[in-house]
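Here is the naming used below: chain letters follow the sequence lines, and residue numbers restart at 1 for every chain.
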Number of protein chains: 2
Amino acid sequence: MTSVLVVDDEPQIVRALRINLTARGYDVMTAYDGKSALGIAVEGKPDVVVLDLGLPDLDGVDVIAGLRGWSTIPIIVLSARTDSSAKVEALDAGADDYVTKPFGMDELLARLRAAVRRNVARSGDPVVETSSFVVDLAVKKVRRDGHEVHLTPTEWGLVEILARNPGRLVSQKQLLQEVWGPMHVNESQYLRVYFAQLRRKLEVDPAHPRHLITEPGMGYRFEV
Amino acid sequence: MTSVLVVDDEPQIVRALRINLTARGYDVMTAYDGKSALGIAVEGKPDVVVLDLGLPDLDGVDVIAGLRGWSTIPIIVLSARTDSSAKVEALDAGADDYVTKPFGMDELLARLRAAVRRNVARSGDPVVETSSFVVDLAVKKVRRDGHEVHLTPTEWGLVEILARNPGRLVSQKQLLQEVWGPMHVNESQYLRVYFAQLRRKLEVDPAHPRHLITEPGMGYRFEV
DNA sequence: CCCCGGCCTCAAGAACGCGTAAAAGCCGGG
DNA sequence: CCCGGCTTTTACGCGTTCTTGAGGCCGGGG
């Protein structure tokens, strides 16, 4: 879920934004002054910040600088000042967008979507995570306790198919077909041998697997 | 130098932008309608596009879609329409910013700087660095201990592909295809020979590589 | 109760892929 | 024409991975 940090000292604006953003499925955090905004941003790692410039404690530009010191989170500035010098100053300090109050909620939301879209396009990293290990499909790696687990090509072939279908049942035939090719769709013994190996490498208790589940007579399931 | 594509059918606006942008060191391209804009964008690969929505031939949203089909170049929309539905439509189509006419030149330039800044932050330095050597993709050179290492064309081809995908596993087939061409996708021996050479040139301990990693049976990985 | 199909485990030989070295082929410049 | 740099080819030792077979476990049906 996308998380938004709303920073404004006017409660009615914060309330309005919270309602609108929550209704659209965003996770909303709020702050009423610059210092707490910086603290919350560090802790909560929001995906985007909506920042009012007229805060009681810090100058708006200082808040932007405080964020830009360690992060490239998109910042959308809200401000009552319409003069271009204020806009230029905020944008050059590192803001991504500048919206003047009073603002149209539709427009703000559209600008927010644009900012988030840009940012996910950059990071887009498909990872599937379970309680005991992490499968990173982009770089083809599996980590367990933050520590890489080496998989052979055949092992990775199986993990990849299962990780691309999380929670879904994958038939033996499909696994054999995609990993060993159409000639070996009946070698179900291969699957037993390799699932045993994968469980030894990935499961906490290989005898009682919690993620690489056998559905007898049907296939296998990757439980997250 | 940063290049900007200005698309507008009003010559005086194009002229004003060209003068201001050129004075600030930008390389300016121009187009007066949507179709030529798309063509110029493909050829010139501008770093940012300033797009007027009221073009004679195509609808503004279609131009945005045409660009977004193959590129993530930042698009700043210029428009006389101030209603929020127009803004929402353009932003959701893939625009990065929306400025209403008449606009302040200072503000537009600041928004343009913001868009470019974001994008260079994203595309990252054309330099990939490891603990023992540095790959400079812009000038096609590798340095080690501040001191240039000479690579043959084939060696550079491999390093370049890996450096453009840092951390990612690159399959043998992809490497062979891109360096030797589609006729040689099975010559995996080439890779062994060349990786041995590269390790001798770049790794501290060629027998125990820390950056040019082999993933047996799958491919190679550039670890940073 | 026994049988049977499907599953898990284990182990060993075969097959494969990798690193390395060195020779042979190719090509352009001096 | 010869030389040097670059690429392609060949050969071999070695460790890892795959395949295969045998044995045991478990639950359901006869």
Strand contacts (DNA chain C) in residues 179-188 of chain A, 4.0 angstrom heavy-atom criterion: none
Close side-chain approach of R113(B) to D92(A), heavy-atom, < 4.5 Å: yes
Does R221(B) reach the main-chain N or O of E215(B) with its side chain, forming a donor-acceptor pair under 3.5 Å? no
Starting at atom CD of Q197(A), determine the distance to atom C1' of dC18(D), rounded to an integer number of angstrom. 9 Å
Might you confirm whether atom CD of E43(B) has over 12 heavy atoms from other residues, nucleotides or ligands at distances under 6.0 Å? no
Find the distance K201(A):NZ to dT17(D):C1' and express it as a whole number of Å. 10 Å
Does the side chain of F133(B) come within less than 4.5 Å of V149(B)'s, by heavy atoms? no
Within a 6.0 Å radius of atom CE on M218(A), are there more than 12 heavy atoms belonging to other residues, nucleotides or ligands? no
Would you say L21(A) and L109(A) make side-chain contact, with heavy atoms under 4.5 Å? yes
Hey, does the side chain of H150(B) come within less than 4.0 Å of dC6(D)'s phosphate (OP1/OP2), counting only N and O? yes
Below 4.5 Å, heavy atoms only, C-beta onward: do L51(B) and V63(B) meet side chain to side chain? yes
Distance check: side-chain N/O of Y190(A) vs OP1/OP2 of dC18(D), anything under 4.0 Å? no
Sub-3.5 Å pairs of nitrogen or oxygen atoms, protein against nucleotides 19-24 of chain C:
| residue | atom | partner | partner atom | Å |
| --- | --- | --- | --- | --- |
| dG19(C) | OP1 | R199(B) | NH1 | 3.0 |
| dG19(C) | OP1 | T214(B) | OG1 | 2.7 |
| dT20(C) | O4 | Q189(B) | NE2 | 2.8 |

Using atom CG of L151(B) as one end and atom P of dT7(D) as the other, report the distance to the nearest whole Å. 10 Å
Pick the closest DNA chain D nucleotide for P216(B) and for E155(B) by heavy atoms, then say which residue is nearer the 5' end. E155(B)
In whole Å, what is the span from the CG atom of L158(B) to the C1' atom of dC6(D)? 14 Å
Side-chain N,O (T152(A)) to OP1/OP2 (dC18(D)) below 4.0 Å: yes
For every nucleotide of nucleotides 25-30 of chain C, 5' to 3': is a protein heavy atom under 4.0 Å from its base (B), only from its sugar-phosphate (S), or from neither (-)? ------
Measuring to OP1 and OP2 of dC18(D), would you say a side-chain N or O of T154(A) lies under 4.0 angstrom away? yes
Just by distance, do the side chain of R210(B) and the backbone of V204(B) share a donor-acceptor pair under 3.5 Å? no
Using side-chain heavy atoms (C-beta onward) and a distance below 4.5 Å, is F222(B) in contact with I161(B)? no
Is there a salt bridge (charged side-chain N to carboxylate O under 4.0 Å, His left out) between R68(A) and D96(A)? Walk through the geometry before answering. CA-CA 11 Å; R68(A) 279 290 170 265; D96(A) 288 80; 2.7 Å; yes
In whole Å, I'd like the distance from the CG atom of D205(A) to the P atom of dT9(C). 10 Å
Between E178(B) and R164(B), is the salt bridge (charged side-chain N to carboxylate O under 4.0 Å, His left out) condition met? List the steps. CA-CA 13 Å; E178(B) 299 202 17; R164(B) 288 194 194 284; over 6 Å; no
Between atom CG in L212(A) and atom P in dT9(C), what is the gap in whole Å? 12 Å
Thinking salt bridges, do D97(B) and R111(A) make one under a 4.0 Å N-O criterion? yes
Measure from CG on L175(A) to P on dC7(C) and round the result to the nearest Å. 12 Å
Figure out the CE/C1' separation between M218(A) and dG5(C), and round it to whole Å. 16 Å
